[in-house]
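Inspection log for the structure reproduced underneath, given as structure tokens.
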Amino acid sequence: MTSVAYDRPSGDFKTSYAADTTIFPTRTSAAFCVAGIALVAAAPLYLDKYGLSILIQIGYLGIAALGLNILVGFTGQISIGHAVFFGFGAFASAYLNNNFGVPVFFAIPLAGLATTVVGLVFGIPAARLKGLYLAIATLAAQFILQDFFARASWFTGGVAGTPAESLTIFGYAFNTDARYLYVVLAYVVIMYLLATNLMRTRDGRALVAVRDHYLSAEMMGVNLTKYRTMSFGISSFYAGVGGALYAHYLGFVSVEGFTILFSIQFLAMIIIGGLGSIMGTLMGTAFMVLLPEAMTALAGQLAGSPIDRALGLNEGIAFLREMAIGAVIILFLIFEPDGLAHRWRQIRAYFKLYPFSY
Amino acid sequence: MRNTAHVLRAAFAGAALAATAWVPAAAQDIHVGHLADYSGATSDVGTPYGQGVADTIAWVNANGGIGGRKIASETIDYSYQVPRAVSAYKGWAGRVVAIQGWGTADTEALVAFVSKDKIPYYSASYSAALTDPAGGSKADKPAPYNFFYGPSYSDAARAMVQWAAEDWKKKGGKGKPKYVHMGANHPYPNAPKAAAEAYAKELGFEVLPAIQFALTPGDYTAQCLTLKQAGANYAYLGNTAGSNISVLKACHAAGVKVQFLGNVWGMDENAMKAAGEAADGVVFPMRAGAIWNDNVPGMKLMQAISKMSDPSGTAYRPIHYLAGACTVLYMKEAMEWAANNGGVSGENIKKGMESRENWVPKGAEGVCKPSTWSAKDHRPTLEVDLYRASVKGSTDASVPELIKSGTIKMTKIATVKLPRKQEWLGW
Amino acid sequence: MDTQLLLQLLLNGLIVGALYGVVAMCFVLIYKASQVVNFAQGEFLLVGAWVCWWLLTTYPLPFYAAFLITLAFMMAFGLLLQVVVLRPLIGEPVISVIMVTIGLSIFFQALMKWMFGVFAKPFPPIFASQTVDVLGLQVQTVYVMSLAVSVLIMVGFAWFFKFSRMGLAMRAVAFDQQAAQSLGVSVRTVFALSWGISAMVSAVAGVVVGVVNGVSSALSFFGIKVFPAVILGGLDSIVGAVIGGIIVGLLENIAHYFDSQFLHWGNLYEVAPFYVLIVILMIWPYGLFGTKDIERV
């Protein structure tokens with residue numbers, strides 16, 4: 001019945017389980033995804049070091065943000081302490097590599113597992129709390145773990161921080177941006193595939209059920225505590241892997257990087273991207289990474305002009321970045337509460353239904 | 001309408017990204033990185049120091065550069081956060097021949113990086129861990145490419161402890177005087193803690209458990225009450241002026257009678273104005289040999305440098321401005337030496353830094369004190385000038401007026417010459 | 001056991017705790033009236049303190065005049081915030097509302113740092129004598145004033161809610177929105193007014209803290225400290241908020257006492273409220289005076 005590019009009928013006409021649970025509904029969207037990955041893989045050809053570092057940042061932050069989206073968007077919990085799980089993964093990976101000689105290749109997934117354990121430890125009591133109380137508990141966890149990082153010098157090097165080696169495989173060191181991009185790209189593809197897969201399994205549907213109406217879910221036999229705790233564990237795994245990738249990229253892990261502002265930035269990423277949307281997570285992360293750079297570039301362009309002198313932009317660039325984060329969160333929540341993913345779907349629908357989009 | 005706004009937004013971000021990737025620079029410019037804290041926890045002292053660095057670089061460029069080549073400096077405000085400093089460094093590695101840095105935590109984090117990449121790093125951190133180029137001392141790792149102008153935190157603390165011991169005897173104190181270290185749990189205040197406490201014990205002090213207070217301003221009444229109860233006689237304040245002011249005021253109000261010893265960042269003209277009478281009597285070390293507008297030959301050069309950002313010549317420059325200017329002047333002369341000895345590269349600049357003894361940059365006599373860096377010892381000086389802050393009366397007016405009226409004064413009370421002990425290197 | 005130090009710390013804790021209680025009261029006011037968790041409570045203190053400081057240092061005004069202008073400004077500020085930012089979000093899930101207030105908090109913190117700088121600025125001196133003798137302990141005059149102001153505010157709140165029409169209307173809305181609406185109470189006005197009053201009273205606390213310690217971005221941290229206080233006291237109880245605030249203030253100073261005498265960790269007084277918060281959430285999530293949330297299917 002359709003003659004446009006998108007072969008999507010209005011209604012659910014799937015005739016097999018395989019068709020119902022595919023990751024990519026149409027061949028075109030699968031092709032776009034592959035093209036996107038190829039584009040990123042070819043980035044060292046057309047982007048300079050700065051652009052590559054932005055892509056790498058979007059990569060490891062996107063993995064951690066996906067973990068948070070599984071927790072907040074798919075299971076309906078709240079966590080304002082995601083940065084410390086990210087930090088735990090970073091410290092754990094550096095610790096395993098420095099103190100036990102575990103090669104970085106294995107240290108990254110092991111750090112993810114270590115963070116999972118910590119996440120479960122926090123998840124078990126947190127599963128009993130709901131809504132606001134959970135938010136406040138995770139806020140407290142943020143401060144407590146930050147204090148722990150500052151004090152546990154055997155693990156984190158205390159307030160001085162700890163260096164982290166770069167990833168080497170059989171002597172080939174991934175210590176330039178161009179090389180590390182492929183490591184991060186590989187992890188992003190794997191972790192995102194895992195998450196998409198999770199959402200189409202029984203457990204994934206249970207998580208969504210817990211979010212939508214937990215009382216009914218409980219009556220249907222979904223064990224609330226088990227799935228809430230599992231959700232914390234999975235989200236911590238993602239955060240840990242993201243943190244480990246960050247550690248081996250930057251080469252140095254310091255407790256100062258894991259502040260409450262960072263936790264809020266993760267929340268902003270998934271809200272701007274769209275809660276409960278996997279593609280939205282990546283879009284939201286890209287937005288939040290590019291926003292401070294855009295503000296810095298804007299201030300740089302205006303430097304020396306009358307606006308700069310009047311507002312004191314040069315000294316205030318750091319504050320401008322923070323203000324932009326706050327303003328963006330507020331504006332998105334007022335005008336686009338379902339995030340960029342929703343807006344993207346609207347754009348696609350507009351073109352698909354043109355000229356009858358209403 | 002919303003769609004176009006969205007598309008415009010994405011396009012703008014992309015254009016901004018592309019714009020920042022393009023950096024115009026002449027081929028023969030000398031690239032220098034500049035890390036500054038204009039907005040973070042130490043920005044109260046970071047702003048004048050960073051201004052001094054930037055103005056001196058501008059002055060060098062306006063007066064012939066380095067053999068005709070201009071210094072192209074790129075300033076990044078990292079808000080005193082180590083990860084941002086490390087990521088700024090990663091952007092600079094391979095592009096710059098020297099870096100003007102700032103804080104202890106980030107400088108210590110980057111020691112291994114700059115040693116590997118052979119980039120001289122001039123910090124505003126005077127941590128003793130940065131003073132051992134060859135390794136072998138108590139410092140964590142060798143730091144052959146780290147330089148700073150001024151006595152290290154540890155040596156300055158030792159000098160003040162030595163002065164305190166003599167002061168106790170002069171005051172006729174009975175028994176063992178009590179010494180306590182106060183500061184945040186952070187590499188910068190922690191840097192001299194072990195050295196100062198060990199030397200204090202050696203000189204007969206009773207060392208009390210350290211008291212913590214954060215690098216940000218706040219309510220430190222509880223710490224002052226503890227200080228009062230402990231009965232300390234001499235308290236070392238390890239933080240910058242911003243939070244020291246809170247402690248001074250809280251302790252003044254709580255009626256604590258103790259002789260406060262600051263660090264080079266702990267007291268300056270703005271701090272005296274903000275703290276008022278609470279800052280009266282604080283003893284602190286100084287890096288530069290003079291205060292702004294003192295009658296020394298080098299002040300003319302400083303005034304010329306100041307005019308680079310203040311053409312009217314009326315701005316008052318705090319002591320940190322002068323220290324920043326001196327640091328850049330040393331870098332400039334090392335670069336000139338390198339230009340005549342094989343080209344301006346990181347390695348040659350390091351050799352240039354280590355090529356002179358009792359070195360005062362040309363034109364800065366009286367302001368920048370004689371300094372010596374050698375291949376085995378990066379402690380530029382072991383002579384510490386101690387000043388006392390004096391505040392008499394209300395500090396409502398502006399800083400230049402307060403200085404002119406004599407309400408705020410900084411007077412030199414001693415010059416402590418420490419022996420250049422090998423076992424004191426690195427900690 | 002140094003009782004002198006302990007007593008002084010307890011007194012200090014009481015005074016600081018009273019301020020926490022005031023801020024917690026404002027937080028609970030917003031929560032009770034409009035079911036919004038306000039993460040930006042600390043920023044009300046901050047904005048109020050900076051505005052008052054700016055008025056005092058830019059114009060030759062006496063203290064009470066600047067103070068009253070600040071109160072008026074903060075009332076308008078709170079009202080405006082509710083109308084512009086919070087009203088579009090009525091009915092959205094709780095995570096969105098929390099995030100909006102967090103966004104407001106970040107925005108205003110950064111804006112204040114941009115406008116006024118990062119250094120602490122002292123207030124111009126207000127009192128003639130510096131300290132007052134209470135029970136043999138030297139207490140600063142400003143502290144006594146802050147305690148007096150806090151008590152006055154609490155009494156004012158109690159009177160407002162018990163005896164005034166608007167207070168009664170707010171209690172009605174907090175109890176059952178639909179019933180109140182059906183009786184002619186304007187829920188939108190109540191929401192806006194609750195934000196305005198909360199902002200105004202928080203500004204009073206902010207000015208008091210600013211007079212004592214100087215104005216700096218450290219004031220925002222009050223907004224974080226308020227959480228242990230309200231959880232302890234119960235999220236929807238104003239009396240509980242006051243008691244919770246006082247307990248948190250005392251707790252901090254007791255923790256500091258133990259830390260300085262025995263443990264020597266250094267910063268126990270900063271983290272102790274959060275440890276206690278976690279414990280309270282595990283055992284007693286509804287706090288001392290909160291109403292239990294019974295779930296209906």
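Keep in mind that what you see is a predicted model, and the values were worked out from it rather than measured. Protein chains get the first letters and strands the later ones, always in sequence-line order, with residue 1 at the start of each.
Minimum interatomic distance between N185(B) and A150(A) (heavy atoms only, all atoms of both residues): ND2-O, 4.1 Å. Residues V159(A) and N190(B) share a closest heavy-atom pair of CG2-ND2, 4.1 Å. Of all the heavy atoms in G251(A) and F113(B), the pair that sits closest is O-CZ, 3.9 Å. Annotation for A318(A) and D77(B): closest pair CB-OD2, 4.0 Å, computed over non-hydrogen atoms.
Both the backbone and the side chain of Y249(A) come within contact range of chain B, with heavy atoms under 4.5 Å apart. For S87(B), the parts sitting under 4.5 Å from any heavy atom of chain A are the backbone and the side chain alike. Neither the backbone nor the side chain of D106(B) comes within less than 4.5 Å of any heavy atom in chain A.
In this structure, NZ on K90(B) lies 13.0 Å from CZ on F252(A), to the nearest 0.5 angstrom. Here the CZ atom belonging to R84(B) is positioned 11.0 Å from the CD atom belonging to E256(A), to the nearest 0.5 angstrom.
In terms of heavy-atom pairs under 4.5 angstrom with chain A, the leader among S43(B), S79(B), A105(B), A109(B) is A109(B).
Counting heavy atoms of neighbouring residues, nucleotides and ligands inside a 6.0 Å radius, atom NZ of K70(B) does not exceed 12 of them.
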